[in-house]
Amino acid sequence: QVHLVESGGGLVQDGDSLRLSCAASGRTFSSGTMGWFRQAPGKDREFVAACRWSGGNSDCRDSMRGRFVISRDKAKNTVFLQMNSLKPEDTAVYYCALRESRLILSSTWDANHYDYWGQGTQVTVSS
């Protein structure tokens, strides 16, 4: 059984930074895709960033024009999301997701391609 556990959310002010973590347990993945999505009240779930790997090759992408940076610690089966210059519109529940294969790049944004999800962590940015 695969479990994803997110941590690091909280209440911050406009312009602050936060670092989210997502640890995967239950198996070791020689290939896969781990990503971050977010969902604000009344809105659809939105892709934030993802890392994918297969063997010794890995790459990451994000959709936040450099404000958010995703990274992966292979040894700890963990991905991180460093969020800088946070804005009130970044307020949402942030979810970690895992796919047990390396998705093609154009599919990483689609939540339907992921097999496992974490419980979510709330990020609130006050103005």
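Residue S85 holds its OG atom at 9.0 Å from CZ of F68, rounded to the nearest 0.5 Å.
Without hydrogens or angle criteria, S31 side chain to G55 main chain gives no donor-acceptor distance under 3.5 Å. Remark: the backbone N or O of L105 is not paired with any side-chain donor or acceptor of S107 at under 3.5 angstrom. Side-chain atoms of D62 never come within 3.5 Å of backbone atoms of V69 as a donor-acceptor pair (strictly under, hydrogens ignored).
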task: Apply side chain to side chain contact (heavy atoms under 4.5 Å, CB included) to M34 and R99, showing your working.
output: CA-CA 6 Å; M34 283 183 77; R99 165 87 178 202; over 6 Å; no
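When all heavy atoms are compared, the tightest approach of S127 to P88 is CB-CG, 3.8 Å. The nearest pair of heavy atoms linking Q39 to K43 is NE2-O, 3.1 Å. Here the shortest heavy-atom pairing between A92 and Q122 reads O-NE2, 3.4 Å.
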Distance-only criterion, 3.5 Å: show the donor-acceptor pairs between side-chain atoms of residues 14-24 and protein atoms not counting sequence neighbours.
from	atom 1	to	atom 2	distance (Å)
D16	OD2	Q13	N	3.0
S17	OG	N84	OD1	3.1

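Of the options W36, Y114, W117, a side chain to side chain contact (heavy atoms under 4.5 Å, CB included) to C96 is made by W36 and by none of the others. Put simply, the residue from T121, V123, I70 that forms a side chain to side chain contact (heavy atoms under 4.5 Å, CB included) with L81 is I70.
Counting heavy atoms from C-beta outward, E6 and Q119 have side chains that approach closer than 4.5 Å. Within the 4.5 Å cutoff, the side chain of R61 has heavy atoms near those of the W109 side chain.
Cation-pi geometry between R102 and W53 is not met at under 6.0 angstrom from the ring centre and within 45 degrees of the axis.
Side chains of T108 and R52: no donor on one and acceptor on the other come within 3.5 Å. Inspection of the T91 and E89 side chains reveals no N or O donor paired with an N or O acceptor under 3.5 Å.
Residues satisfying the ring pair (Phe, Tyr, Trp, His ring centres under 6.0 Å) criterion with Y94, sequence neighbours excluded, are absent altogether.
Outside the 6.0 Å centre-distance limit, the rings of Y95 and F37 are not counted as a close aromatic pair.
L103 and V48 end up in different hydrophobic clusters when Ile, Leu, Val, Met, Phe, Trp and Tyr side chains are linked at under 4.5 Å. In the hydrophobic clustering of ILVMFWY residues, with side-chain heavy atoms under 4.5 Å counting as a link, V79 and Y116 come out together.
For the pair D90 and R38, the salt-bridge criterion is met [side-chain N within less than 4.0 Å of a carboxylate O].
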